[in-house]
Trainee: 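Dumping the structure here so I can ask a few things about it.
These numbers come from the heavy atoms of this one structure, side chains and all, not from hydrogens, waters or symmetry mates. Remember, it's a predicted structure, so these values are computed and weren't measured experimentally.
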Amino acid sequence: MNKEQIRFIKSKTDIVPEIAIVLGSGLGTIAQMIENKTIIPYSNVPHMPISTAPGHEGNFVFGNIGEKSIVVMQGRIHLYEGFTPTDILIPIRLLKDLGVKSIILTNAAGGINKDFSVGDLMMISDHISCFIDSCLIGKNDDEYGVRFTDMSNAYDRGLQKIIMQTAFENGIELKKGVYVQLKGPQFETPAEIAMLSRLGADAVGMSTAIETIAANHCGIKVGAISMISNAACGILDKPLSGEEVNEASTKSAPKLEKLITEVIKRL
Ligand code: HPA
């Protein structure tokens, strides 16, 4: 299956990307920063699972940032759309087969930590994924990785240092914290957020931990940044909406775009 995907992509672009960036809800415009673009809609790529979520355009954008060859994924699939955990392996392993060594994952997330405000950026230092099934359940594909994947450096410490340093030197305020992934699609209840807070989570979302597991399994280094699009349920006495999430992301996209561009130049 992957051979067919690779053949198709290679017929459209000569770029061999070292770095991949996955853009979450409302963050797709960040792809503007790429030079020499080749856009490949997911719908043209054989066997590619396609997101139905609002705010997810559904394109690969190949190109350059400075000297670096990169590929951006504008949009991703989620478990709440009905995709299975193993479906999440498809795009990540495709990136691996294309030559990707490091991946920057982005997302919109609800802020659990009371020190966070809407619009803040949070570098993910670790995650809690035990509320979702692993994408690695089932027969192990030894071509990609080992049966029992080490997760002690899931968010690569070297990449974390570069992200923190880059933010500091560019005057971009960057929080740091633990991301918890739930299946969704409903937002959490106040009781669930109170529980997640006690468990040590700083932000909650529906996408990134499972992609981090897939990437760690096949040896891609992960860096990840959440955009805090809303206070998680019960933190403020206010109902949540998907539109609010996308609007906040769009507003903060330029700040994240600047950070990612500068990080990539240093990788
Ligand atoms: N909860 C879960 N996922 C989210 C949220 C949230 O509050 N905001 C953005 N993605």
Trainee: Counting N and O atoms only, with roles assigned by atom type, does the side chain of Lys101 sit under 3.5 Å from a partner on the main chain of Gly99, one being a donor and the other an acceptor?
Mentor: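 Side chain of Lys101 to backbone of Gly99, a donor-acceptor pair under 3.5 Å: yes, one is there.
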
Trainee: Does the side chain of Met33 reach to within under 4.5 Å of the side chain of Ile260, using non-hydrogen atoms?
Mentor: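 The answer is yes; the side chains approach within 4.5 Å.
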
Trainee: Just verifying a value: how many Å separate Lys68 NZ and Ile15 CD1, rounded to the nearest 0.5 Å?
Mentor: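 Answer rounded to 0.5 Å: 14.0 Å.
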
Trainee: Using the side-chain contact (heavy atoms from CB on, under 4.5 Å) rule, take Leu136 and Phe148 through it: C-alpha gap first, then chi angles, then the decisive distance, then the call.
Mentor: CA-CA 9 Å; Leu136 301 176; Phe148 299 108; over 6 Å; no

Trainee: Of Asp202, Ile193, Val178, which is the lone residue that meets side-chain contact (heavy atoms from CB on, under 4.5 Å) with Ile112?
Mentor: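 Among Asp202, Ile193, Val178, the one that satisfies the side-chain contact (heavy atoms from CB on, under 4.5 Å) with Ile112 is Ile193.
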
Trainee: Specify whether His78 and Tyr80 have parallel, tilted or perpendicular ring planes, treating 30° as the upper limit for parallel and 60° as the lower limit for perpendicular.
Mentor: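 Ring orientation, 0 to 90° scale: parallel.
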
Trainee: Take atom CZ of Arg266 as the centre, draw a 6.0 Å sphere, and report whether it contains more than 12 heavy atoms from other residues, nucleotides or ligands.
Mentor: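 Yes - once you tally the heavy atoms of other residues, nucleotides and ligands closer than 6.0 Å, there are more than 12.
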
Trainee: To the nearest 0.5 angstrom, please state how far the CD atom of Glu211 sits from the NE2 atom of His127.
Mentor: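 Between Glu211 CD and His127 NE2, I get 11.5 Å after rounding to 0.5 Å.
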
Trainee: Considering only heavy atoms from C-beta outward, does the side chain of Gln5 approach that of Ile90 to under 4.5 Å?
Mentor: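 The answer is yes; the side chains approach within 4.5 Å.
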
Trainee: For residues Glu35 and Asn64, is any side-chain donor paired with an opposing acceptor at under 3.5 Å?
Mentor: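 Result is no, nothing qualifies.
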
Trainee: Check whether any side-chain heavy atom of Thr13 sits under 4.5 Å from a side-chain heavy atom of Phe60, and report yes or no.
Mentor: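 Thr13 does not reach Phe60 side chain to side chain.
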
Trainee: Among the clusters formed by ILVMFWY side chains lying less than 4.5 Å apart, do Phe8 and Met73 turn up in the same one?
Mentor: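 Yes, because Phe8 and Met73 connect within a single hydrophobic cluster, where side-chain heavy atoms sit under 4.5 Å apart.
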
Trainee: Can you confirm whether Arg147 is buried at CZ, in the sense that more than 12 heavy atoms of other residues, nucleotides or ligands lie under 6.0 Å from that atom?
Mentor: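 Atom CZ in Arg147 is packed in, count exceeds 12.
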
Trainee: Ile104 pairs by side-chain contact (heavy atoms from CB on, under 4.5 Å) with which of Val72, Val263, Val222?
Mentor: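 So the option named by the test is Val263.
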
Trainee: Judged by atom type as modelled, is there a donor-acceptor pair below 3.5 Å linking the side chain of Lys255 to the main-chain atoms of Glu173?
Mentor: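 Absent.
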
Trainee: Could you check if a side-chain atom of Arg76 sits within less than 4.5 angstrom of a side-chain atom of Pro91, using non-hydrogen atoms only?
Mentor: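 Arg76 does not reach Pro91 side chain to side chain.
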
Trainee: Given Met195 and Glu188, is the side-chain contact (heavy atoms from CB on, under 4.5 Å) satisfied, shown in steps?
Mentor: CA-CA 10 Å; Met195 170 190 73; Glu188 302 70 34; over 6 Å; no

Trainee: As an exercise, state the distance from CD1 of Ile210 to SG of Cys135, rounded to the nearest 0.5 Å.
Mentor: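 Atom-to-atom, Ile210:CD1 and Cys135:SG are 4.5 Å apart.
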
Trainee: Applying the 4.5 Å side-chain criterion to the ILVMFWY set and letting contacts propagate, would Val146 and Tyr144 be lumped into a single cluster?
Mentor: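 The answer is no; the residues belong to distinct hydrophobic clusters.
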
Trainee: Assigning hydrophobic clusters by single linkage (Ile, Leu, Val, Met, Phe, Trp, Tyr; side-chain heavy-atom cutoff under 4.5 Å), is Leu98 placed with Ile103?
Mentor: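 In one cluster: yes.
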
Trainee: Do Glu262 and Lys258 meet the salt-bridge criterion of a basic N to acidic O distance under 4.0 Å?
Mentor: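 Salt bridge present between Lys258 and Glu262.
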
Trainee: Ser152: which residues meet the side chain to side chain contact (heavy atoms under 4.5 Å, CB included) condition with it, sequence neighbours left out?
Mentor: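 Residues passing side chain to side chain contact (heavy atoms under 4.5 Å, CB included) with Ser152: Asp150.
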
Trainee: If Ile, Leu, Val, Met, Phe, Trp and Tyr residues are connected whenever their side-chain heavy atoms lie under 4.5 Å apart, and connections chain through other members, are Met122 and Leu182 in the same group?
Mentor: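 No; Leu182 is not reachable from Met122 via cluster members.
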
Trainee: Calculate, to the nearest 0.5 Å, the distance between atoms CG and OH belonging to Leu105 and Tyr179 respectively.
Mentor: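 Here the interatomic distance stands at 9.5 Å.
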
Trainee: Could you measure the distance from the CD atom of Glu81 to the OG1 atom of Thr84? Nearest 0.5 Å is fine.
Mentor: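 Separation between the atoms: 12.0 Å.
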
Trainee: Just checking Lys175: does its NZ atom have more than 12 heavy atoms from other residues, nucleotides or ligands closer to it than 6.0 angstrom?
Mentor: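 Counting neighbours around NZ of Lys175, more than 12 heavy atoms of other residues, nucleotides or ligands fall under 6.0 Å, so yes.
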
Trainee: Looking only at side chains, do His217 and Asp141 share a donor and an acceptor under 3.5 Å apart?
Mentor: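 Short answer, no.
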
Trainee: Does Ile65 form a side-chain contact (heavy atoms from CB on, under 4.5 Å) with Ile19? I'd like the steps, not just the answer.
Mentor: CA-CA 10 Å; Ile65 291 184; Ile19 303 163; over 6 Å; no

Trainee: Quick check on the hydrophobic clustering: are Leu89 and Met206 connected, directly or via other members, by side-chain heavy-atom contacts under 4.5 Å?
Mentor: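 No, it is not one cluster - the side chains of Leu89 and Met206 are not joined through contacts under 4.5 Å.
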
Trainee: With the side chain counted from C-beta on, respond yes when Tyr155 and Met123 share a heavy-atom pair under 4.5 Å apart, and no when they do not.
Mentor: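 The answer is no; the side chains never approach within 4.5 Å.
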
Trainee: Side-chain donor-acceptor pair under 3.5 Å between Asn107 and Thr208, yes or no?
Mentor: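 Side-chain D/A pair, Asn107 to Thr208: present.
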
Trainee: Would you check if the side chain of Asn140 reaches a backbone N or O of Gly145 as a donor-acceptor pair within less than 3.5 Å?
Mentor: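 Indeed, once roles are kept as given, a pair shorter than 3.5 Å links the two residues.
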
Trainee: Measure the CD-CG distance between Gln74 and Leu23 for me, rounded to the nearest 0.5 Å.
Mentor: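 Answer rounded to 0.5 Å: 6.5 Å.
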
